[in-house]
Amino acid sequence: MLTINLIRDQSSHVIERLRVKNFDATEIIDRVLELDRRRRELQTESDAIQARLNTLSREIGSMMKDGRKDDADEARRGIGTMKEQQRQLAETLEEVSSEMQNELIRLPNLPHELVAPGKSADDNVVIRSGGTVPDLDAGAAPHWDLIKKYDIIDFDLGIKITGAGFPVYKGQGARLQRALINFFLDEGGKAGYREIEPPIVVNEDSGFGTGQLPDKEGQMYHVGIDNLYLIPTAEVPITNIYRDVILDAADLPVRNIGYTPCFRREAGSWGAHVRGLNRLHQFDKVEIVQIAHPDRSYEALEEMVKHVESLLASLELPYRIIRLCGGDMSFTSAMTYDFEVWSAAQKRWLEVSSTSNFEAFQANRLKCRFREKGAKQTTLCHTLNGSALALPRIVAALLENNQTPEGIKIPAALVPYTGFGMIS
RNA sequence: GGAGAAAUGGCAGAGUGGUCGAUUGCGGCGGUCUUGAAAACCGUUGUCCGGGCGACUGGACCGGGGGUUCGAAUCCCUCUUUCUCCGCCA
């Protein structure tokens, strides 16, 4: 959520920046400004009446103490109408405020200056790439065939136990999952991230804090009986650690990392290109989250990008890093880098990480602030997060790219974690 | 799941209807003293929303929400959480 101050002070700048996201904010901002004006008027008026009531109450108090009961009764006269007036003002104020809030929530985050305008993924910018695209034989198999051949991931079993999109990992397949999770967590630890194991169901406040609620409610699994949500990403619980928190500037940046399963209903998004591991209802992901000083959040983003890149390099996967254009970015992001790995049999790029700076947009909802040493004022932090990494598509690429007649070769960096060098 | 008790500022802990945003202690910050530090002493110390160029000033907040009252941290209702006892349990 953008801050009202920003909109009040720089409305034309906001409108201009949002055009990069193909978003016409003029109408919403007009309404917000009008509601903001009314809100402040109403509050001034309501505060004044409340101040009079408070004074009267105090006076009545001292009259009672002095035993001047008649004076007190006299003073009480007319309070009823004032209270009624005050009640109505407060009610209107509440309506106007929540209406303003509702408008404010519809505005996406402003994209950073470097973000290119654009309509779709076609306008994204490839920043750099690495690794070598393997030269496979004509008969190279897609991962959905390989997992059957080696009996390491079982979709049918998942359908039996739960439903489509809930695979069962078996034997070396399960070991590979655990190896990747541990590898990613260990690398994060070396890079200075503190490991967190958060709850994987969250309450409404948390869902709202990171922006999944109210808009994307249908994308999360909801545990109705307890009104809790299965997390779509570890970002939700880990970032919500800092909800309603005031940090010291000296504590920034805060670096956290966590592994969790992630649950996504992905309602209505099934079709071509989602075979096998490409899209699941439950998958494993290691997430990195930073809370940064506003002046240094883009350094933090760079650092995260380098970290994710180093993981892909260690896994010896061909990858490319893309900076999303305005039209392809998420609602909440100010700048996003997507990481894609080449899937040799599918012959396409698969997104395995999305790493973003949300600047103060998320922090404003979360009320995540910091204070400079000695300062009285608090300032909103910047929040960032990125996948480091999401497992299924990494596994898909590893299987496809590393297939040999003898089996599937495990990259050297991972062998200490798997305990085997070949899936066969 | 059943019965009881509780929730107050960074922490501890007073406060059961009238200048209580809240006594006090610890911690934090600033100062005096000191070569420096400690101790001692003095001062200061929450968040949010308004008004004002500013000095300053109005309002809200004592777990959340609602109610009673001229007036609520204090009384009532409700929800949540914590603790104790019982039951169940990895």
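Numbers restart at 1 for each chain; the letters A, B, ... are given by sequence-line order, proteins then strands.
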>> Base, sugar-phosphate or nothing for A/Gln50? Non-hydrogen atoms, less than 4.0 Å.
In response: sugar-phosphate

> Across the strands shown, which category fits A/Arg369 at heavy-atom distances under 4.0 angstrom: base, sugar-phosphate, nothing?
Replying inline: sugar-phosphate

>> Checking base pairs now: Watson-Crick or wobble, both atom distances under 3.5 Å. What partners B/A5?
In response: B/U82

> Between B/G21 and B/C61, how far is it from one C1' atom to the other, in whole Å?
Replying inline: 9 Å

>> Under 3.5 Å for both donor-acceptor distances, Watson-Crick or wobble: does B/G54 have a partner, and if so which one?
In response: none

> Between B/G51, B/C70, B/G59, which one does the side chain of A/Asp47 approach most closely?
Replying inline: B/G59

> How about A/Phe183 and A/Tyr417: are their ring centroids closer than 6.0 Å?
Replying inline: yes

>> Using the rule side chain to side chain donor-acceptor pair (under 3.5 Å), only one of A/Gln219, A/Glu204, A/Glu217 pairs with A/Tyr229; which is it?
In response: A/Glu217

> From the list B/G50, B/C70, B/U47, which nucleotide is the closest neighbour of the side chain of A/Ile79?
Replying inline: B/C70

> Would you say B/G50 has OP1 or OP2 under 4.0 Å from some side-chain N or O of A/Arg8?
Replying inline: yes

>> Tell me if the centroids of the rings in A/His382 and A/Tyr298 come within less than 6.0 Å of each other.
In response: no

> Hey, does A/Thr378 reach any base, or is it just sugar-phosphate, or nothing, if we go heavy atoms under 4.0 Å?
Replying inline: sugar-phosphate

> Want to settle it: does A/Ala51 or A/Arg39 sit nearer the 5' end of RNA chain B, counting the closest nucleotide to each?
Replying inline: A/Arg39

> Quantified in whole Å, what is the P atom distance between nucleotide B/A39 and nucleotide B/G30?
Replying inline: 15 Å

>> Counting neighbours of NZ on A/Lys170 that are heavy atoms of other residues, nucleotides or ligands and sit closer than 6.0 Å, is the number greater than 12?
In response: yes

> Atom CD of A/Glu204 and atom P of B/U80: how far apart are they, to the nearest Å?
Replying inline: 13 Å

> Side chain of A/Ser57: nearest nucleotide among B/G71, B/C48, B/G51?
Replying inline: B/G71

>> I want to verify a distance call: between B/C49, B/C70, B/G59, whose nearest atom is closest to the A/Asn54 side chain?
In response: B/G59

>> Partner lookup for B/C88, please. Criteria are Watson-Crick or G-U wobble with both distances under 3.5 angstrom; report none if nothing qualifies.
In response: none

> Of the nucleotides B/C48, B/G50, B/U19, which has the atom closest to the A/Arg58 side chain?
Replying inline: B/U19

>> Let's test this: given Watson-Crick or G-U wobble pairing with both distances under 3.5 Å, identify the partner of B/A40.
In response: B/U32

> Which base sits across from B/C70 as a Watson-Crick or G-U pair, both distances under 3.5 Å?
Replying inline: B/G18

> Paired with B/G27 by Watson-Crick or G-U wobble geometry, both distances under 3.5 Å: which nucleotide is it?
Replying inline: B/U45

> Which nucleotide in the list B/U47, B/G50, B/C70 gets nearest to the side chain of A/Arg40?
Replying inline: B/G50

>> Using ring centroids (six-membered ring only for Trp), state whether A/Phe263 and A/His281 fall under 6.0 Å.
In response: no

